Protein chains: 2
Amino acid sequence: MTNTTLKKISEVLGISISTVSRALKNHPDISTKTKQKVVELAQTLDYEPNANAVNLRTSNSKLFGVIVPSVSSYFYDSFIAALEEECRNNDYRLMILQSGDDPDIELNNVKLCRQNRVTGLFACLTPQTKDVHHFLKLNELNIPVVFFDKVPDIASCNKVCVADTDAASIAARAIRNKNKKNVLAIFGSKELSITKKRLEAFSKILNKNEVNFDLQFALNNDQAQKITEEALQKKNPPDTIFCMSDEILIGAMKAIQEANLSIPSEIGIIAISNGFFPKLYYPEITYVETSAYKLGKLAFTGMMACVAGTHFTQELTVQSLLIEGGSL
Amino acid sequence: MTNTTLKKISEVLGISISTVSRALKNHPDISTKTKQKVVELAQTLDYEPNANAVNLRTSNSKLFGVIVPSVSSYFYDSFIAALEEECRNNDYRLMILQSGDDPDIELNNVKLCRQNRVTGLFACLTPQTKDVHHFLKLNELNIPVVFFDKVPDIASCNKVCVADTDAASIAARAIRNKNKKNVLAIFGSKELSITKKRLEAFSKILNKNEVNFDLQFALNNDQAQKITEEALQKKNPPDTIFCMSDEILIGAMKAIQEANLSIPSEIGIIAISNGFFPKLYYPEITYVETSAYKLGKLAFTGMMACVAGTHFTQELTVQSLLIEGGSL
DNA sequence: AAGAACTCCGCAATCGTTTGCGGAATTGTT
DNA sequence: AACAATTCCGCAAACGATTGCGGAGTTCTT
């Protein structure tokens with residue numbers, strides 16, 4: 001069987017295509033009887049409008065694109081969930097694209113967005129992305145781009161971020177308040193601006209309070225695990241571990257389990273997290289929430305402002321807050 | 001600035017639209033010089049073909065849809081990752097849709113797929129889906145549907161599954177081989193056919209070997225945790241815990257950590273899993289792998305067979321295998 | 001009763017591509 | 001030199017919808 005079209009309906013009913021189209025859209029020009037007939041037939045023939053034809057004609061795709069490194073992450077998936085909710089409520093579709101942290105794929109994804117004439121694009125850069133001109137090209141075409149999480153350094157673009165410095169400060173203060181004296185602080189890649197920001201805020205507070213800390217960097221959970229293992233074997237082991245991200249938390253926790261230390265009596269631990277992984281352990285890990293879900297909501301609000309014409313061209317941030325588990 | 005079209009290019013160059021179109025597709029009818037001119041201008045004008053127009057004209061969307069309960073899962077995300085890889089290699093796009101386990105949203109997702117004239121659809125049913133006729137409607141329209149993971153009971157459709165019974169059998173045998181005597185077996189929702197299949201195979205083997213086991217059902221990780229907590233407090237606590245899924249594993253592990261039992265000396269644990277969560281713990285959990293990634297690859301192969309005309313209309317399965325951690 | 005005002009519908013252009021067909025200009029064949 | 005074969009390109013029709021405009025028929029006004 002082939003797809004039902006307006007033409008087919010019009011032929012069966014012996015009326016024009018335009019009338020069918022208007023009838024289905026409940027246009028006032030069409031009589032009630034005609035509308036009934038049309039709607040009924042469309043029903044039985046299982047008519048579904050061809051989205052390609054509609055988009056082509058109206059040049060309004062009602063489609064947003066979103067580029068994330070990977071959907072397999074308990075951060076970006078929350079972000080996407082938030083976007084999807086909003087899209088559903090506002091009658092938009094969402095095209096989800098994964099860059100795999102590969103700039104070439106990222107470039108191709110942007111191309112796909114252009115080819116599909118997205119109304120707007122949410123983008124999280126790969127760590128390797130130096131050149132963002134293909135994104136800025138979209139702005140020339142009046143396609144708003146809202147960057148999130150990993151955003152470009154340039155000022156003239158829309159970005160939404162989690163409050164990185166705040167999150168680190170909150171964690172640092174929590175550590176100080178517990179009178180911890182010897183902290184193992186594990187951060188992510190030195191290259192990332194997010195790392196720099198968090199590190200700066202974190203060390204500022206600990207230094208001011210004369211809390212001693214061992215600064216380490218890990219690119220993945222295995223490295224974090226190794227670092228933690230080694231630290232725990234020192235003669236002067238840390239009394240607290242700070243983890244800049246979920247990935248690092250996972251590695252550190254594995255090492256703690258291996259050393260069979262009990263939390264929080266033998267060692268304390270605190271992380272910056274979206275909230276899923278801290279709840280996996282007993283006791284649940286105390287963490288500073290940087291909510292990807294809220295970030296998604298914020299990004300969408302910003303996007304809608306852009307679409308409505310109110311460009312914001314600025315950095316919006318979602319606040320961080322301390323979620324007390326039992327690990328510190 | 002507005003989007004570049006074939007028309008614009010043709011006007012600048014003073015040639016016809018058809019020539020531009022053919023030149024960009026490297027058609028033999030077009031002279032080398034013309035091709036050069038066209039390609040060059042298209043480059044500088046940053047031409048991107050309008051996907052809607054192309055799809056409309058060719059009625060070949062080169063687009064697959066995939067409906068999952070949620071991308072936030074270390075099962076479906078692997079599945080999607082596999083699909084995406086294959087799509088990229090075969091020059092297809094993937095439309096990712098989430099049902100949130102809501103049959104209404106599922107229905108709407110199917111509608112979206114139809115409106116966008118997908119070439120084929122990969123679908124995982126919600127547990128509540130009784131009526132699959134909207135899926136079968138797609139087949140009438142010559143749109144192949146490949147069900148995966150949660151598949152309908154009816155025979156006349158294409159399905160790919162993990163080897164449920166095998167996985168459970170392998171786990172049961174592993175338990176027997178370790179001479180375990182008292183097993184706490186936690187399964188998922190009784191309603192799910194996947195639960196029934198796994199349970200049947202599992203109990204068959206343990207019964208045959210006269211291994212005693214306490215059968216429990218948990219709908220989420222919290223319930224699994226409670227169940228485990230209670231079991232551990234009995235005067236005759238289990239020496240082994242079997243977890244039918246990652247979600248259950250998470251709950252059980254939390255309870256074990258709470259009870260401060262060491263693995264595997266004080267208690268053994270084994271799960272059926274896609275492989276991510278077992279590696280989160282120390283020692284790593286022994287599990288039977290039901291690979292979503294392999295499932296995705298298999299589903300894609302099946303889909304391509306359908307698209308090529310070779311309907312398979314049968315159930316394909318990916319094999320399970322035991323991955324030894326240190327938890328049993 | 002005759003013009004005004006409505007009701008209701010169809011014509012045809014348009015969105016941006018693709019592609020079968022035909023034809024002018026060039027080249028090759030005897 | 002006459003004819004055939006190539007080479008290269010344009011015309012125009014589709015794909016399936018939306019929408020401004022105009023017009024036939026009906027009802028309302030005075």
Side-chain angles (χ1 to χ4, degrees), chain A residues 1-39 41-42 45-63 111-112 114-119 141-142, chain B residues 1-39 41-42 45-63 111-112 114-119 141-142:
Chain A
M1 215 180 75
T2 166
N3 264 310
T4 305
T5 64
L6 292 186
K7 191 176 173 193
K8 203 174 296 177
I9 296 180
S10 76
E11 280 167 354
V12 174
L13 259 37
I15 57 180
S16 78
I17 296 180
S18 355
T19 302
V20 176
S21 173
R22 292 194 173 99
L24 289 173
K25 306 197 105 51
N26 202 23
H27 192 286
D29 264 9
I30 309 298
S31 71
T32 320
K33 308 150 224 159
T34 310
K35 279 180 190 169
Q36 273 185 344
K37 284 195 302 181
V38 171
V39 169
L41 185 60
L45 256 47
D46 233 330
Y47 170 74
E48 290 292 345
N50 184 319
N52 289 311
V54 174
N55 292 342
L56 177 60
R57 174 57 226 249
T58 62
S59 61
N60 180 6
S61 59
K62 281 278 194 179
L63 172 69
K111 190 180 279 199
L112 272 175
R114 286 188 52 192
Q115 292 180 354
N116 286 280
R117 302 297 190 260
V118 295
T119 307
L141 296 169
N142 296 317
Chain B
M1 215 179 75
T2 168
N3 264 312
T4 305
T5 65
L6 293 185
K7 190 174 172 196
K8 203 176 294 177
I9 296 180
S10 77
E11 281 168 355
V12 174
L13 258 35
I15 58 180
S16 79
I17 295 180
S18 356
T19 304
V20 176
S21 174
R22 292 193 172 99
L24 288 174
K25 306 197 104 52
N26 202 23
H27 193 285
D29 265 10
I30 308 299
S31 71
T32 320
K33 308 149 228 163
T34 309
K35 279 181 189 167
Q36 274 185 345
K37 283 195 302 180
V38 171
V39 169
L41 186 60
L45 256 46
D46 232 329
Y47 170 75
E48 290 292 347
N50 184 319
N52 288 311
V54 175
N55 293 341
L56 177 59
R57 173 57 224 247
T58 62
S59 60
N60 180 4
S61 60
K62 282 280 195 177
L63 172 70
K111 189 179 278 199
L112 272 175
R114 287 188 50 191
Q115 291 180 354
N116 286 280
R117 302 297 189 262
V118 294
T119 306
L141 296 169
N142 297 317

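The shown structure was predicted, so the numbers you read here are calculated from the model rather than taken from an experiment. Letters A, B, ... are given to chains in the order of the sequence lines, protein chains preceding strands, and every chain is numbered from 1.
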Contact list (N/O, under 3.5 angstrom) for nucleotides 13-16 of chain D vs protein:
| from | atom 1 | to | atom 2 | distance (Å) |
| --- | --- | --- | --- | --- |
| dA14(D) | N3 | Arg57(B) | NH1 | 3.3 |
| dC15(D) | O2 | Arg57(B) | N | 3.4 |
| dG16(D) | N2 | Ala53(A) | O | 3.4 |

Exercise for review: Would you indicate, yes or no, if dC8(D) has its OP1 or OP2 atom less than 4.0 angstrom from a side-chain nitrogen or oxygen of Thr19(B)?
Suggested key: no
Point to revise | Residue list, side-chain contact (heavy atoms from CB on, under 4.5 Å) with Asp46(A), at least two apart or on another chain | key: Arg114(B), Lys137(B)
**Study point:** Partners passing side chain to side chain donor-acceptor pair (under 3.5 Å) against Thr119(A) (at least two apart in sequence or in another chain)
**Key:** Ser61(A)
Practice item. List in chain and number order the residues that pass side-chain contact (heavy atoms from CB on, under 4.5 Å) with Gln36(B), two or more places apart in sequence or in another chain; answer none if no residue qualifies. Key: none
Study note, to complete from the structure: Atom CG of Asn60(B) and atom C1' of dT19(C) are separated, to the nearest Å, by 15 Å
Point to revise | With sequence neighbours excluded, residues passing side-chain contact (heavy atoms from CB on, under 4.5 Å) with Leu24(B) | key: Leu6(B), Val20(B), Val38(B), Val39(B), Ala42(B), Tyr47(B)
Identify all pairs in which a protein N or O lies below 3.5 Å from an N or O of nucleotides 26-28 of chain C, and state each distance.
none

Exercise for review: Return the value, rounded to whole Å, for the distance between atom CD1 of Ile15(A) and atom P of dC11(C).
Suggested key: 12 Å
Practice item. Quickly work out the Asn55(A) CG to dT14(C) C1' distance and round it to whole Å. Key: 15 Å
Review point. Asn3(B) and Lys8(B): which non-hydrogen atoms are nearest, and at how many Å?
Key: O-NZ, 2.9 Å
Practice item. Ignoring hydrogens and angles, tell me if any N or O in the side chain of Asn116(B) forms a donor-acceptor pair with the backbone of Val118(B) under 3.5 Å. Key: no
Practice item. Using the test side chain to side chain donor-acceptor pair (under 3.5 Å), find all partners of Thr58(B) that sit at least two apart in sequence or belong to another chain. Key: none
Revision key, fill the gap. Contacts of Ser10(A) meeting side chain to side chain donor-acceptor pair (under 3.5 Å) (sequence neighbours excluded), chain-then-number -> none
Study note, to complete from the structure: Rounded to whole Å, the NZ-C1' distance (Lys62(A) to dC15(C)) equals 19 Å
Check your understanding: Is any side-chain heavy atom of Arg117(A) less than 4.5 Å from a side-chain heavy atom of Ser59(A)?
Key -> no
Revision key, fill the gap. Per the under-4.0 Å heavy-atom filter, residues of residues 20-29 of chain B near DNA chain C come out as Ser21(B), Arg22(B), Lys25(B)
Practice item. Could you tell me which residues satisfy side-chain contact (heavy atoms from CB on, under 4.5 Å) with Ser16(B), sequence neighbours excluded, listed by chain and number? Key: Ser18(B), Thr19(B)
Point to revise | Below 4.0 Å: OP1/OP2 of dG10(D) and any side-chain N or O of Ser16(B) | key: yes
**Study point:** Interatomic distance, Ile17(A) CD1 vs dA13(C) P [rounded to whole Å]
**Key:** 14 Å
Revision key, fill the gap. Atom CG of Asn116(B) and atom C1' of dA17(D) are separated, to the nearest Å, by 14 Å
Exercise for review: Just jot down the side chain to side chain donor-acceptor pair (under 3.5 Å) partners of Lys35(B), sequence neighbours excluded, or say none.
Suggested key: Asn26(B)
Point to revise | Donor-acceptor pair under 3.5 Å, Ser18(A) side chain vs dC11(C) base | key: yes
